[in-house]
Every structure is written in structure tokens, then in C-alpha cells.
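Heads up: the structure comes next, in C-alpha cells.
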Amino acid sequence: LGKTQETIENQVLCLKLLTKKLIPALNQKSLDDVSLFFKLPTIDTPNTEKEVSNLVNIFARCHEMVEAQKIGTIEALLEFQYPAVKIVDFSNYAFDKAFLWSIPQAPGVYKMKDKSGKTIYVGKAKNLKDRVGSYFWNTTNCLQKIANLLNTVYTIEYEITGSELAAMLLEFQLIKQYRPLFNQQIEVHERTARYGSLKNFVLILPSPVENSFELFFVKEGLPVQRYDLLRDAVNLSGVEEILAEMFEQHQDVLTDDETGEMDIVLSWVDANKDFVNYINIDVAGDQASCLKLIKDYIRDDELLQKKQFRWK
């Protein structure tokens, strides 16, 4: 239901919304909270078969609660789930539903502009289509800030990135550049804890350019450096130059912007290090060893099936 092209206007069943309506006292933060409420087993490790089975059981319990409330039709159930749906009037904008559906399901950054062309909001997304489209679904109970934004926006522009991290860094740069009215905080959010032990590394992520990778070179005391590398590249002199700088024993005084970018990268990597590809240069050896690992990585035919690539 949620994949049809009618979700901007037409209501669909949503397990999260339905359980919130059926169990208003439950402060659910995840599916596990709902499972515990129904005394169903929680899933500690990813397992598709168990997850599907759990969803089926939750829906079955919800069905029992729906029947107990004498809700007998899908229309009545949708009305129960969405007591009041306000449909967006697209005549107020320079774009329509077709534009929203044309946005790719890819990570990136979007800019909202008013009628004068001024950027009023910058946002990032793992999935641009879902994120941007979400503003124009049911706006009945949206926050006042979002309501004001929807009343002011006129056009939307977006830029695809290769990864969520690249989107976060681009968002940071654009907010610094435009200081949009509806972005409440310009600076990187203060974090309560420092990051893990991984400090000096080469992060290898997808690039928006076909058959390419985006390399992030991270070393304490140096600005984050990025480099787009074609998979069939022969000349890696640019990579060699950056690696040579990383292996030199010196540190720079980082600017506020450079420190902000470093904080974003370290925080993101600490949260995602079990799912991304990187080379830890502290234990990989010397510059030549790191370069060989990068070459081996980009020429690996099974790259798309890999979940991890590291040298420990």
C-alpha cells in the first residue's frame, strides 16, 4: 500500500500510526515496544523470517482490537487511523505531485525557496523522495514550524549525493552559506560523548557518479579530505598525495568549519562503522600498504556484496 503513487493524497494503513491509535498509553519508540505490549518475542539479531512473522502477529493482535471496537470496514479503519486528513493544495507552489514523484530514492540534500528565490530551509535525507514527499502528506497535525514552512515555500531544489554522510556534510555547508530562516540551528549539534577509537582512516563510500567511489581521508589534526575515484582508474596520483600528507607527522589548527565537518564524520562513522567500508591507517602499515588496499578494494568484482572492508 505504501508504495503506490497515491500516498500523497490517499490514506494507507500504517502499523505505527495504527498501534498509536489503538494503544495511546504506550510510548512506543520501536517495534520491540509493541511486541512487548502484546507479549510477543523481540528480535535481537536481524532475521527477515522472524521479523515478518512478528509483523504478522502484531497485525493479528491489532485486528482483534479493531474488531473489539466494532470497526468493520477498511474505510472505517482508515478514518480511525486518520481522523482528519488535510490534503495539500499544490496550486500554491511552483511544483506539483508529479515533481515529488520524480524525486529519486537516493541520499541527498534539498533546498526550499520562497517566491523571491531565497533559500528558507535546507535539509538532508537518506531517501530524498520519501523525505521531501513527507512534508506534503497529512499536514493536519504538523508542527507550527512545518506549517509556516509550507505556507512560505514556493520551489524545491535537490542534489543527490552518494551517501548519507556526504548529504550531512553538504547540508552543513549550505546552512553555513545561506543561514536559512527555518533552520533553527546553524552550528553542529553539541554531542554528549566523544567518539570511538577509530581516528585515522580512509572511508570508502558510494559516489553519485556512476562506477565511482568517494573516498574520505580522515586524520586527527587535519581537515577531512574527499576524493572521487573511478573504479577503473589507472592514475591514483591524487590519492597518493593525500595519503602522503596523512602520513606526515604534523597537525594543522582547524577552522570552526573544518572542526564541524570532522565532528560530523567521526560521529557518523562511530554510529555506522559496522556497516561501512574503511581502512584503518593506524594498523594498515605504511603509505604503500594503504594505497594497495585501496587499489584492491576498487577492483574487487564482489564489491557490491561486501558489507565490510577493513584492515585490523
Side-chain angles (χ1 to χ4, degrees), residues 5-9 84-191 205-209 214 216 223-226 228 254-268:
Q5 291 198 2
E6 301 300 321
T7 50
I8 290 175
E9 287 188 350
V85 174
K86 180 180 177 181
I87 297 175
V88 173
D89 180 5
F90 283 92
S91 66
N92 297 322
Y93 308 122
F95 55 89
D96 56 13
K97 290 183 295 182
F99 167 78
L100 296 179
W101 286 113
S102 71
I103 298 175
Q105 293 185 331
V109 167
Y110 56 95
K111 292 189 294 185
M112 293 184 173
K113 298 184 175 183
D114 62 17
K115 284 190 175 183
S116 70
K118 182 178 180 180
T119 298
I120 58 172
Y121 185 77
V122 173
K124 65 182 181 301
K126 287 184 179 180
N127 185 317
L128 281 167
K129 182 174 184 175
D130 287 353
R131 182 68 187 101
V132 177
S134 69
Y135 287 96
F136 302 93
W137 171 215
N138 179 16
T139 61
T140 303
N141 297 315
C142 67
L143 297 174
Q144 187 59 48
K145 173 187 173 181
I146 301 301
N148 293 339
L149 177 62
L150 293 178
N151 288 332
T152 310
V153 64
Y154 186 66
T155 62
I156 297 176
E157 298 175 359
Y158 62 85
E159 181 175 343
I160 296 172
T161 60
S163 63
E164 180 191 20
L165 175 59
M168 293 173 70
L169 290 170
L170 180 55
E171 178 199 39
F172 174 73
Q173 294 162 1
L174 292 175
I175 290 175
K176 286 280 189 179
Q177 178 181 349
Y178 292 108
R179 297 188 174 272
L181 175 65
F182 287 94
N183 285 95
Q184 292 185 345
Q185 295 204 1
I186 298 298
E187 306 299 333
V188 176
H189 293 182
E190 188 69 26
R191 294 171 175 90
L205 294 178
S207 167
V209 180
E214 186 169 19
F216 294 76
V224 176
Q225 297 194 65
R226 298 161 67 173
D228 281 319
L254 302 184
T255 66
D256 289 344
D257 286 359
E258 291 169 344
T259 300
E261 290 184 352
M262 179 66 79
D263 281 350
I264 290 171
V265 172
L266 291 177
S267 179
W268 187 85

Mind checking whether [X] and [Y] have side chains closer than 4.5 Å, heavy atoms only?
{"X": "K113", "Y": "K118", "result": "no"}
{"X": "Y110", "Y": "R131", "result": "yes"}
{"X": "Q105", "Y": "D130", "result": "yes"}
{"X": "F90", "Y": "L100", "result": "yes"}
{"X": "L254", "Y": "P223", "result": "yes"}
{"X": "F136", "Y": "F95", "result": "yes"}
{"X": "R226", "Y": "L169", "result": "yes"}
{"X": "N148", "Y": "K145", "result": "no"}

Check whether any side-chain N or O of [X] sits under 3.5 Å from a backbone N or O of [Y] as a donor-acceptor pair, and report yes or no.
{"X": "Y93", "Y": "L150", "value": "yes"}
{"X": "D114", "Y": "V153", "value": "no"}
{"X": "D96", "Y": "F99", "value": "yes"}
{"X": "E258", "Y": "T255", "value": "yes"}

Euclidean distance, [Y] [atom2] relative to [X] [atom1], rounded to 0.5 Å:
{"X": "M168", "Y": "E261", "atom1": "CE", "atom2": "CD", "value": "12.0 Å"}
{"X": "I156", "Y": "I103", "atom1": "CD1", "atom2": "CD1", "value": "6.0 Å"}
{"X": "I120", "Y": "K111", "atom1": "CD1", "atom2": "NZ", "value": "12.5 Å"}

Using every non-hydrogen atom in the two residues, find where [X] and [Y] come nearest and quote the distance to one decimal.
{"X": "P208", "Y": "G162", "value": "CD-N, 3.4 Å"}
{"X": "K176", "Y": "D257", "value": "CE-OD1, 3.4 Å"}
{"X": "A167", "Y": "A125", "value": "CB-O, 4.3 Å"}
{"X": "S163", "Y": "L205", "value": "OG-CD1, 3.5 Å"}
{"X": "I160", "Y": "L128", "value": "CG1-CD1, 4.2 Å"}
{"X": "P180", "Y": "I175", "value": "CD-O, 3.9 Å"}

(request) Would you please test M262 and T259 for side-chain contact (heavy atoms from CB on, under 4.5 Å) and show each step? (result) CA-CA 5 Å; M262 179 66 79; T259 300; 5.6 Å; no
(message) Can you list everything that forms a side-chain hydrogen bond (donor to acceptor under 3.5 Å, both in side chains) with E159? Sequence neighbours excluded, please.
(response) none
(request) Could you walk me through whether F182 and T152 pass side-chain contact (heavy atoms from CB on, under 4.5 Å), step by step? (result) CA-CA 10 Å; F182 287 94; T152 310; 3.8 Å; yes
(request) List the steps and the verdict of side-chain contact (heavy atoms from CB on, under 4.5 Å) for Y135 and M112. (result) CA-CA 11 Å; Y135 287 96; M112 293 184 173; 3.7 Å; yes
(message) Applying ring pair (Phe, Tyr, Trp, His ring centres under 6.0 Å), can you list everything that pairs with Y121, at least two apart in sequence or on another chain?
(response) none
(message) So, using ring pair (Phe, Tyr, Trp, His ring centres under 6.0 Å) as the criterion, who are the partners of Y158 when residues are at least two apart?
(response)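 Partners of Y158 by the ring pair (Phe, Tyr, Trp, His ring centres under 6.0 Å) criterion come out as none, since no residue qualifies.
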